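Just so it is clear, the structure is predicted and the values come from calculations on it, not from any experiment. Below, read A as the first sequence line, B as the second, and so on, with proteins coming before strands; counting in each chain starts at 1.
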2 protein chains.
Amino acid sequence: MAGTRTRTTPATEAADPYAPCEDDCGIRDVLDRLGDRWSVLLVVELAKGTRRFRELQHAVPGISQRMLSVTAKRLVRDGLVERTVYPTIPPRTDYRLTATGRSFAGAVAALADWSRTHKDAIAASRDDFDTRHPDEVR
Amino acid sequence: MAGTRTRTTPATEAADPYAPCEDDCGIRDVLDRLGDRWSVLLVVELAKGTRRFRELQHAVPGISQRMLSVTAKRLVRDGLVERTVYPTIPPRTDYRLTATGRSFAGAVAALADWSRTHKDAIAASRDDFDTRHPDEVR
DNA sequence: CGGTATCCACAGGGATACTG
DNA sequence: CAGTATCCCTGTGGATACCG
């Protein structure tokens, strides 16, 4: 999502180019988490229980060490995930959902349900659209 | 969301770098719509009733003509929105949610509810985190 | 083990101009 | 009115290397 909440104009700008909360108002914050590639997958995995860094990395195939670190930190900042560090050698870090995080996981699960029940219809619609409009860039 | 569903590697690649549907499986498709800047705003507006191109543009402040066009087309392709063109002069185009689209709007509304009830907690958590970690890039 | 730091490719999306 | 065509800047996130 390039340019999210950013302005292109130099700096000598006064008004916020984005609407001051039309229907939005806070929803964006949640949507941004849902939108990024990994947050939801991490939450879904953590909904199953406490996980260590390495465990998360294996549970969510394809995530890089960097993105796991970045995403987890974001979730911790938002208060959805709790991080516990054991200063042992070698170190150990546990991640687990907070109460808010579990609530969020519930909301996500509802959405996942919607996805599952409508994915076929969506796929069909796309195929249909694509055959009807063979050109197009996409 | 740069690099979404894309590979950086040249072309001589065999296996899909992304998991063949671990827990994901179709959810991504929905999440991608939720993730982009405008889809949800458009759906929310259309949930109120049929809208013309221009009406949508005014209802969703900040959206460019191009992004309205692009986003609407995506929603039509996914079968969430229906487009009716009246070949009058000047032309007129109506956009309205399909049955699937209304169902989707419902799911989004649920999410919006979650957002509203938790936005304060999230904001508080962020403030707390930020004061506790004054440095950091963000 | 559990991260950071750095570098960079690339798709998203804004601005602007033009068209049926 | 309702788009399309271009151009270009931007943040996201992948790869890689290094650290306590």
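- A salt bridge links A/Arg92 with A/Asp94: the distance from a Lys NZ or Arg NE/NH1/NH2 to an Asp or Glu carboxylate oxygen falls below 4.0 Å.
- Residues that satisfy the salt bridge (Lys or Arg N to Asp or Glu O under 4.0 Å) test with A/Arg126, not counting sequence neighbours, are B/Asp29, B/Asp78.
- Atom pair B/Arg51:CZ and D/dA2:P shows a separation of 13 Å (rounding to whole Å applied).
- With rounding to whole Å, A/Asp32 atom CG is found 10 Å from D/dG13 atom P.
- A donor-acceptor pair under 3.5 Å is formed between the side chain of B/Thr98 and the backbone N or O of B/Leu80.
- Rounded to whole angstrom, the span from the CG atom of B/Asp94 across to the C1' atom of D/dC1 amounts to 12 Å.
- Nucleotide C/dG3 holds its P atom 10 Å from the CZ atom of A/Arg52, rounded to whole Å.
- The main-chain N or O of B/Ala47 is never found under 3.5 Å from a side-chain atom of B/Arg102 such that the two would form a donor-acceptor pair.
- Across all strands shown, B/Tyr95 has heavy atoms under 4.0 Å from sugar-phosphate atoms exclusively, and none from any base.
- A/Arg83 has its CZ atom 9 Å from the C1' atom of C/dG2, to the nearest Å.
- Side-chain contact, B/Ser39 with B/Asp36: a donor N or O sits under 3.5 Å from an acceptor N or O.
- For B/Gln57 and D/dA2, the CD to C1' distance is 10 Å, given to the nearest whole Å.
- When the side-chain nitrogen and oxygen atoms of A/Thr93 are compared with OP1 and OP2 of C/dC1, none of them lie within a distance under 4.0 Å.
- When the nucleotides C/dG2, C/dG13, D/dA2 are ranked by their closest atom to the side chain of B/Arg37, C/dG13 comes out on top.
- Distance, A/Asp36 CG to D/dG11 C1': 13 Å, rounded to whole Å.
- Which of D/dG3, D/dG13, C/dG3 sits closest to the side chain of A/Phe53 comes down to C/dG3.
- As a whole-Å value, the separation of A/Arg92 CZ from C/dG2 C1' is 12 Å.
- Contacts of B/Asp127 classified as side chain to side chain donor-acceptor pair (under 3.5 Å), with partners at least two apart in sequence or in another chain: none.
- Within residues 63-74 of chain A, the residues having any heavy atom closer than 4.0 Å to DNA chain D are, in order of number, A/Ser64, A/Arg66, A/Met67, A/Arg74.
- A/Ser125 places no side-chain N or O within 3.5 Å of a backbone atom of A/Ala121 that could act as its donor or acceptor partner.
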